[in-house]
Amino acid sequence: MNNFNELSLSKPMLKNLDALKYQIMTPIQEKTIPVILQGEDILAQAKTGSGKTAAFGIPLLEKLKVSRFRVQALILCPTRELAEQVSGELRRLAKFRHNIKILKLTGGMPLRKQEHSLGHQAQIIVGTPGRILKMLQRETLNLEELQILVLDEADRMLDMGFIEDVSQIISFAPEQRQTLFFSATLPQEIKSLSKKILRKPQDISIDTGHDPKVINQQFFFCSPKEKIQGVVSLLFTHQPESTIIFCNTKDSCRRLSAELNKLGLHSLAIQGDLEQKERTEALIRFSNRSSTILVATDVAARGLDIPDLSLVINYDLPFETETYIHRIGRTGRAGKTGLAISLMQKKEQFRLDLINETLGSSYEMEIFESLSPKDLQSLLPPMVTISINGGRKNKISAGDILGTLTSEGGIKGSEVGKIDRLEYICFIAVNKDVAKKAQQLLENRMIKGRKFRIIYHD
Ligand code: ADP
Ligand code: MG
C-alpha cells in the first residue's frame, strides 16, 4: 500500500495532494502516516529528502480541530531556514481547508511582532527552540491545548546544543499529547532522550536508504595544491546540471567558491558564518537554477531540502563515514544514477578503507588522467534571480508576479521559473536571456497596486 488514496484521509486532503502531485507515498510516509493517525508516538529515522515533513504534516493537519483557535501542534526545528522550509511545506499541505493558521516563530524577527501575531491565535506553530522557550517563559505562548509535538531533525538539535531548551519546552506541554521525533540519523543521545519523552513509541527506520549502489563513486588522489584545479577539471569533464561541493571547513568553502567564480563559473557558498538571510538566498538561487554550483560545509547543508543533484564532489573526505554516506546521498535519488567524486590525499587512505568496510565495497584511489574537459557554456546557470521587497505578508501571490511579468508586452510564462515567496520578500527565477527585461517590467509595473524595490542577483 503506497498510494495516498488508500489511507483514510479526507477527500479535500486527497484532492490537494493530487494537486501537489503527491501520488505515491515515500517509504517513510507509508510507514509513519497510519501510525500517527492512530495517535501513537514515534521515533522515526529517514534520510534527508525522504519526505518527513509530509509524513507528520498530513496526519497532523487531518487531526486539527480547525474551528478551535488554540495552539494544537508545535513543530520544533533546529534552524530558521528549516523552520521556513517546514512551514512552507505545511502551508502547501494545508491548502485543502480554510482557516488553518500556521505561524512561524524564530529568532531574528522582532519578538513583539511575533507576540502580536500570536494574539490572533494560530493552531500550528513552527519554531526554533530558543524563541519558543522565550515566549513560553514570557507567557505569550500557551501550550495548554497542545495535542501534537514534533521534534524535527532531532539529531541536528543535538549537534546545535538545543536539547536542554527542548526539554524545558516539553515541561510546558501537557502530559497527554502525541510526540513525534524525526531524525536523519539516530545517535545514542537521541535514543536516550526519546526514552524519556516518548510514550511507547514505534521505532520506524527507513534503511539509510541512499542505496550507495546506485551512486557511482570515485576517489581521486589530489595534492592540496591541485585541489581547485581538480574540481574545475571534474566540472568541465562531467558538465553537471547541478553540483554540490562539500568542504570540511568554512575557510576552504569560501576560498573555493571565490576561485571558481574568478574562472567564470557561477558558484554560491553556504557556511555557518553567513547570515541567515544570505544562506536562505543562496539556497533559493541554487534550487531555482540561478546557480549550478553550491559549495557547502556539512553543518550548513544538513537537513536542507536540496533537489536531486547530478554530481556531489567531496573537496575533502569527511572525518566520518556516516557523513560521507549522507553527503553522497544528495545524488542518485528517485532511481537515477548519481555520481559522487572525492578528492583525497595519500594519507587519507584509511578513510577510504573505512568507507569500503562500511559499504562492503572495494573502491580504490585513482589518479586524474582520463578527464576530458569541455566548454564552460553548459556549466553556466540558465536562470537569474530577481527579488522584490514584498512577500506573503504583503499578500503578494505567485500569480500577481506572473501576471506582472507576462501581461501585454511582457515575457512569456515559460521564461519564468520558480517563484519563492517568503514573508517579506519574493525571489523570482527568470530565464537569463530575458532577465534584464524582466527586471525592467518589475521596476516599471505595479504589483498589487504598488511598486516594490527590485534587486537583480548577479
Ligand atoms: P525531509 O524532511 O525528509 O528531508 P522533505 O519533507 O523536506 O524531506 O521533502 C523533500 C521533498 O520531497 C520536498 O520538496 C517535498 O515537497 C517532496 N515530497 C514529499 N513527499 C512527497 C511525495 N509523496 N511525492 C512527491 N514529492 C514529495
Ligand atoms: Mg525535514
Side-chain angles (χ1 to χ4, degrees), residues 45-50 153-156 158-159 183-188 190 205-224 226-228 230-231 234-235 238 240 242-253 256 269-272 293-334 336-368:
Q45 177 203 7
K47 66 162 181 163
T48 302
S50 56
E153 302 280 344
D155 51 354
R156 199 153 169 223
L158 184 79
D159 290 349
S183 199
T185 59
L186 285 185
Q188 192 50 47
I190 293 295
S205 177
I206 300 297
D207 185 287
T208 29
H210 5 60
D211 183 359
K213 284 187 226 69
V214 306
I215 300 170
N216 176 358
Q217 300 168 63
Q218 299 170 3
F219 299 83
F220 285 111
F221 166 71
C222 201
S223 74
E226 297 165 335
K227 274 189 170 177
I228 292 178
V231 166
L234 288 173
L235 291 170
H238 293 286
S242 60
T243 306
I244 186 163
I245 306 175
F246 284 104
C247 298
N248 287 356
T249 67
K250 296 175 197 170
D251 205 45
S252 49
C253 194
L256 175 61
I270 51 168
Q271 33 86 13
I293 305 166
L294 190 67
V295 187
T297 55
D298 295 296
V299 176
R302 215 157 135 191
L304 295 179
D305 178 19
I306 298 173
D308 185 43
L309 298 160
S310 333
L311 175 63
V312 171
I313 297 178
N314 289 312
Y315 187 70
D316 311 292
L317 269 185
F319 300 117
E320 293 180 23
T321 303
E322 192 171 338
T323 311
Y324 174 79
I325 295 175
H326 207 89
R327 285 182 181 181
I328 68 168
R330 302 281 190 175
T331 182
R333 290 196 189 158
K336 286 185 239 159
T337 316
L339 180 60
I341 301 179
S342 304
L343 301 182
M344 61 183 286
Q345 299 175 52
K346 291 235 161 68
K347 63 178 186 197
E348 290 176 304
Q349 179 62 44
F350 75 100
R351 293 213 171 112
L352 177 53
D353 295 342
L354 283 172
I355 291 169
N356 278 329
E357 203 175 302
T358 310
L359 298 181
S361 51
S362 52
Y363 294 108
E364 286 175 17
M365 197 185 326
E366 301 170 55
I367 44 169
F368 273 119

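The structure displayed is predicted, hence computed values, not measured ones.
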Within this structure, what is the [atom1]-[atom2] distance for the pair [X] and [Y], rounded to the nearest 0.5 Å?
X: K250; Y: T297; atom1: NZ; atom2: OG1; result: 7.5 Å
X: M344; Y: F221; atom1: CE; atom2: CZ; result: 9.5 Å
X: S342; Y: Q218; atom1: OG; atom2: CD; result: 9.5 Å
X: I328; Y: L359; atom1: CD1; atom2: CG; result: 6.0 Å
X: Q188; Y: L158; atom1: CD; atom2: CG; result: 11.0 Å
X: T358; Y: I325; atom1: OG1; atom2: CD1; result: 5.5 Å

Grab the two heavy atoms, one from [X] and one from [Y], that are nearest each other, plus how far apart they are.
X: N356; Y: S362; value: OD1-N, 3.4 Å
X: P318; Y: N248; value: CA-OD1, 3.8 Å
X: I190; Y: A154; value: CD1-O, 3.3 Å
X: L311; Y: T331; value: N-OG1, 4.4 Å
X: L352; Y: M365; value: CD2-N, 3.7 Å
X: S205; Y: Q45; value: OG-OE1, 2.8 Å

message: Which residues pass the side chain to side chain contact (heavy atoms under 4.5 Å, CB included) test with A296, not counting sequence neighbours?
response: I244, I270, A301
task: Under the side chain to side chain contact (heavy atoms under 4.5 Å, CB included) rule, collect the residues that match up with S310, sequence neighbours excluded.
output: P240, E241, S242
Contact check, side chains of [X] and [Y], non-hydrogen atoms, under 4.5 Å:
X: T321; Y: E357; value: no
X: Y315; Y: V295; value: no
X: K47; Y: I206; value: no
X: T48; Y: R330; value: yes

query: Can F319 and D298 be said to form a side chain to side chain contact (heavy atoms under 4.5 Å, CB included), step by step?
result: CA-CA 11 Å; F319 300 117; D298 295 296; over 6 Å; no
Verdict with reasoning, T243 to H238, per side chain to side chain contact (heavy atoms under 4.5 Å, CB included): CA-CA 10 Å; T243 306; H238 293 286; over 6 Å; no
message: With side chain to side chain contact (heavy atoms under 4.5 Å, CB included) as the criterion, how do Q345 and L317 come out once you've worked through the C-alpha distance, each side chain's angles and the decisive distance to 0.1 Å?
response: CA-CA 9 Å; Q345 299 175 52; L317 269 185; over 6 Å; no
Please check this pair: side chain of [X] against backbone of [Y], looking for a donor-acceptor N/O pair closer than 3.5 Å.
X: Q349; Y: K346; answer: no
X: D155; Y: T185; answer: yes
X: T249; Y: S252; answer: yes

query: With sequence neighbours left out, what residues match D251 under salt bridge (Lys or Arg N to Asp or Glu O under 4.0 Å)?
result: R254, R255
message: Checking F246 now: which residues fulfil ring-ring contact (aromatic ring centres under 6.0 Å, His included) with it, not counting sequence neighbours?
response: none
- request: Mind checking ring-ring contact (aromatic ring centres under 6.0 Å, His included) for F219 and listing every partner two or more places apart, or none if nothing turns up?
  value: Y324, Y363
query: Which pairs, with at least one residue in residues 315-325 and sequence neighbours excluded, count as a salt bridge (charged side-chain N to carboxylate O under 4.0 Å, His left out)?
result: K227-D316
message: Between L343 and L234, is the side chain to side chain contact (heavy atoms under 4.5 Å, CB included) condition met? List the steps.
response: CA-CA 10 Å; L343 301 182; L234 288 173; 4.1 Å; yes
